[in-house]
Amino acid sequence: MLPQCAEAVQTQPEQPEPAARISVEKGGLMSVAETLESRVEPSSEGRAGGPRIPPRLRRNLGSIFWQGCTLIAVVALLAFLGHNIALNLKARGLASGFDFLSKEAGFAIGFSLIPFTETDTYGRAFIVGLLNTIFVAFVSMILATVLGTIIGVARVSKHPPTAAAALVYVEGLRNIPLLLQVLFWQQLLINGLPGVRQSLSFGGWVFLNNRGLVLPDVSTGALPVPPSLMAAIIAATLIALSIIAFRRAEPSRRRQVTVWGIGALLALEVLLATLTVDWSRPALTGFNFRNGVVLVPEFVALVVALTIYNAAFIAEIVRAGIESVNKGQREAAAALGLPPRLTMRLIVLPQAMRVVIPPLANQYSHLLKASSLATVIGYPDLVNVFLGTTLNQTGRAIEIVTMTMAVYLVLSALVAGFTSWFNAKVALVER
Amino acid sequence: MSGSALVHVSDVCKRYRSQEVLTGVSFQVARGECVVLCGPSGSGKSTLLRCINGLEDWNSGEVTVDGVDIAANAHRRGHIGQLVGMVFQDFNLFPHLTVLDNVALGPRVLLKEPSTKASAIGHELLERVGLSGHTHKYPYELSGGQQQRVAIARALAMRPKVMLFDEPTSALDPEMVKEVLDVMRELAASGMTMICVTHEMGFARNVADRVVFLTDGCVCETGQPGDFFSCPTTPQAVKFLSHVLAR
Amino acid sequence: MGITTDSSSKSVSPGSAVSPLLRRYFGTPGRGLLSVLLATVWAWAAWALLRWAILDATWIAEDRSGCAPGGACWAFVVARIDQFLFGFYPPDEHWRPALILVLPVVLFAVAVSDRFQSQRQMIGAAIVLVPIASLALLVGGVPGMPHVPADKWGGLALTIVIAETSFVASMPFAVFLALARRSQMPVISMLATGFIELWRGLPLVAILFMAVILLPLVLPPGFQIGRVEMAITALTIYSAAYLAEVVRGGLQAVPVGQLRAASALGFGYWRTLAYITLPQALGKVLPGIVNSAIALVKDTSYVMIVGLFDFINIVTAALSDPKWLGSPTEAYLFVAAVYWLVCFGLSRWGRSIEIRSARARGVVRS
């Protein structure tokens, strides 16, 4: 019923204004009449009978009607799905609720930043998975950005062999599915590397074998916090302090202040680290390494694949950024006397940032999501531990799916939020 | 005059693909002299200017500035930057740096001045071009005329021996032309050696010591502005002046 | 001044006997060293690859031990090629998945050839018809083509069918979402925005997990859904969310004047959409759509999460065959080469569209 009603309302008012009326009577000029009609003020409405509804309101009524319909349809669909879920859960005898989070998990996790045993809860397993996801994504992001920037700069090199190498890298790797690359690196690390006793040694501090990458550790007891956490704290302090210094400085001296600030802080941190931390060299005893942090091969494979794949995309982003910088800028820099290397560092790259950051943020969020490929090779990330194992054991589908979705949506929003904040603060300068 | 000349351009030829852009240009500029290069569009004025500071390479001939062979030193940008300053038609200020940083960048990075000294140089030059109130603004906050004056200050900050101006007022709105020309006039009066490509014939007549007229890639006529404007000797110059002065 | 287009701002000494090309490679000692170094690396890599992949390779063998050490063992791929391409499809019916592999190649050849450039509608229709035909070929169930159950599907043929079907299904969905997001009506726009951002914010792996877990739960009891359907549903929704943003970019790029002109001619909302807005918008973002298609082709590999034996998964599964242990590099290189050809071909095509349309715009302007 209602749609017809709305139609009727819309076809009503062809009477009021004489001018409009004439054009209507001439026919064929309907649309003109309608255009005029929609501009007429509500006061001139409703002289010739019919419902006294001003056009704006009339339009609003139509719009409200359609929106109402859509809303009802969506709610009905959701209700239908919810009803089905309830029926299905009942039929399968599955429980619901978040109480499982405090129950004992009963499974072990192969790689964890915080201590985790079989007697810990599902809630703690969730945290372990979340930290593992963030850890692998964060490490890959940094490595991919460094590698991608180098390749992006090489891509615009005037030296043909360099540019060609970068081109082959980019075109070769971005057209191969990431999943395949992950599988490839995993196979290579497990089958292609020597066993523990024949580990490849890098200066006696770092070892690589088919059980993973062994790094030196800080002696347990020397510090109350694990090295990763300490690294995070150092990074946070650095960033916070340099921002404060940056903000307070006179604009023309900001860069200098930043450089000095970071330098001084780094020196301080290094000093602190050497004074308080006791680096312990991994040592082979029997069939395993003692005193080392072991990064499992799954982690290494995932980081290598994510880095290599995303670096190809980041290289293209960097290239586009560099090419977006006006040619006159390079000329002006050359006329001033800046050599090419300084021109790139002082003039081109800072301006490219403005163009680079939005797509870079996109790529970061892509990388974060792609880190869930961990599941395929058995690295215990959030999806693997929570959406996989935990769900299998508890059957709390709705709760677990909701929590996982929430985590990824929040993390994506954080990446987007941080980059837009960074963009606004640092790369704001517009022409 | 050639004995004390600062800039020597002798028989410079340049081809771009098959097109002859410069066909044996020779002239000299003495220390403290202000020369206006003029000529119809496509006569190679801008190319010549860009050859003088090594932004463009050429095929034969020689350019020296203060005894330095530009071709042999073209890759030593820092060296040429201290010899020759250049002002572009479309300013080319660095948009990510403040006005002061635009000017102080050269002294700080290339002349290795301490940062405070570089800032002082920047402040001084900006005051000289009448922009002391705008030091911490970004280029996009300034008008075209102000930007061009910053560009002049930026070039001067390298303490060049000679300043090149490549149509510095062509991209400006008419009401801003004067403020830039005033700065250039003041600069000429202070004894700076200048080579200007410009269509401002008033500037050429009143400020220039000499006018060099280019057509088809070579110097066609050269003379005192008074002589050049009142009785040009070549038909090309007559034709050019009739076009330009008719405006 | 006439030379301001001259792009050479490099500073090189004029009149010297050395050609610019040589200077480019050996201009400075560092550059010369780099040239020599890179050339050596390039040559060495090319030679090593040639020897390993072709000269020392074994093409036919009974098992891994029959392969010469030091060379590629392509015999593994050769021995398993039927399975890699067609999955567990009955050998008598192999012509059907083979046709599925050929159809998109033919379609692509037609689309890039100049002769058919004007026949846009025909190509468009073919793009819709090929996936439907491929799916029908795979399912069968008509006289002459016996039904083949889904658990026999696999390999490259399955990958192609899933990619094509999801892409074509996601396109109208994406247009609808993009229009809804740009709607003046806040409720509709907000619902569409929420829907798009929800799926864009989630990893495809998680979406596929959810398809396995949630789809059976949200459907009415007693309603069965196969794994292929799950995969296609998940990929369609995921792809639609990304495509919707691409299409929205195109819609935003259509000048308001176009809409005013259409409405002055008396076009209503839907007519304006069909004849004015959408053709322009989709034309503008065609390269973006091709990019999304490439991403979808690569993302199709994720369907191994729901347990399908797609191209990558069937190869991975074959690696555990005791007869062929230790051949992952060859197998994965083969898969990589196929994916690379498809994706690179598509990206070149997208690039040529971009260049062509840029040129066309240039013509219009001048």
Side-chain angles (χ1 to χ4, degrees), chain A residues 158-159 245-264 318 321-357 422-431, chain B residues 49-50 52-56 74-111 114-116 118-119 122-123 135-141 147 151 154-155 157-160 163-164 166:
Chain A
K158 288 223 174 68
H159 183 237
F246 183 82
R247 277 194 172 171
R248 291 206 176 152
E250 193 184 338
S252 60
R253 303 197 54 184
R254 277 187 173 171
R255 178 163 298 163
Q256 207 192 355
V257 166
T258 318
V259 170
W260 276 108
I262 290 177
V318 170
I322 291 173
E323 284 177 352
S324 76
V325 176
N326 192 340
K327 191 186 137 226
Q329 291 290 314
R330 287 163 186 264
E331 269 193 354
L336 201 58
L338 289 173
R341 191 173 295 250
L342 277 179
T343 304
M344 181 60 92
R345 210 187 74 207
L346 295 176
I347 307 299
V348 177
L349 282 182
Q351 291 184 56
M353 287 289 270
R354 191 166 42 104
V355 182
V356 161
I357 285 172
F422 185 79
N423 212 7
K425 285 290 165 208
V426 181
L428 176 78
V429 185
E430 285 288 338
R431 227 165 278 209
Chain B
L49 218 53
R50 291 154 57 83
I52 295 176
N53 78 344
L55 275 183
E56 195 101 37
H75 60 281
R76 296 168 63 197
R77 291 276 11 143
H79 197 52
I80 293 190
Q82 291 176 54
L83 221 52
V84 188
M86 176 131 177
V87 176
F88 296 86
Q89 181 177 349
D90 42 7
F91 333 136
N92 288 334
L93 291 183
F94 303 130
H96 60 300
L97 302 177
T98 61
V99 164
L100 181 62
D101 282 340
N102 261 283
V103 181
L105 182 75
R108 204 183 66 223
V109 177
L110 296 165
L111 305 180
S115 159
T116 44
S119 292
H123 278 293
T135 45
H136 292 303
K137 287 185 178 169
Y138 282 93
Y140 68 94
E141 296 173 275
Q147 290 195 41
R154 178 177 70 177
M158 293 296 292
R159 296 187 215 105
M163 287 279 286
L164 311 179
D166 188 2

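Each chain gets a letter, A, B and so on, in the order the sequences are listed, and its residues count up from 1. Here the structure is a predicted model, which means the values were calculated and not measured.
In plain terms, the two heavy atoms of A/A334 and B/L55 that are nearest each other are CB-CD2, 3.6 Å. The shortest heavy-atom contact between A/L336 and B/R154 is CD1-O, 3.7 Å. B/P95 approaches A/Q329 most closely through the heavy-atom pair CD-OE1, 3.5 Å.
Using a 4.5 Å cut-off between heavy atoms, B/F88 contacts chain A through its side chain alone, with no backbone atom that close. There is no contact between B/L83 and chain A, counting heavy-atom distances below 4.5 Å. Heavy atoms closer than 4.5 Å to chain A are found in the backbone of B/V84, but not in its side chain.
To the nearest 0.5 Å, the span separating CE on A/M353 from NE2 on B/H96 amounts to 11.0 Å. Going from atom CG of A/L342 over to atom CZ of B/R77 covers 13.0 Å, rounded to the nearest 0.5 Å.
Residue with the most contacts toward chain A among B/T135, B/I80, B/N53, B/V109: B/V109 (heavy-atom pairs, distance under 4.5 Å). Looking only at heavy-atom pairs under 4.5 Å with chain B, the residue among A/A333, A/P340, A/A332 that has the most is A/A332.
Among residues two or more places apart in sequence or in another chain, the salt bridge (Lys or Arg N to Asp or Glu O under 4.0 Å) test is passed with A/E323 by A/R319.
Listed for the B/N92 side chain is a donor-acceptor partner under 3.5 Å among the backbone atoms of A/G328.
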inquiry  = Show, in sequence, the C-alpha distance, side-chain angles and deciding distance for B/D90 and A/N326, and conclude whether the side-chain contact (heavy atoms from CB on, under 4.5 Å) test is met.
reply    = CA-CA 11 Å; B/D90 42 7; A/N326 192 340; 5.6 Å; no
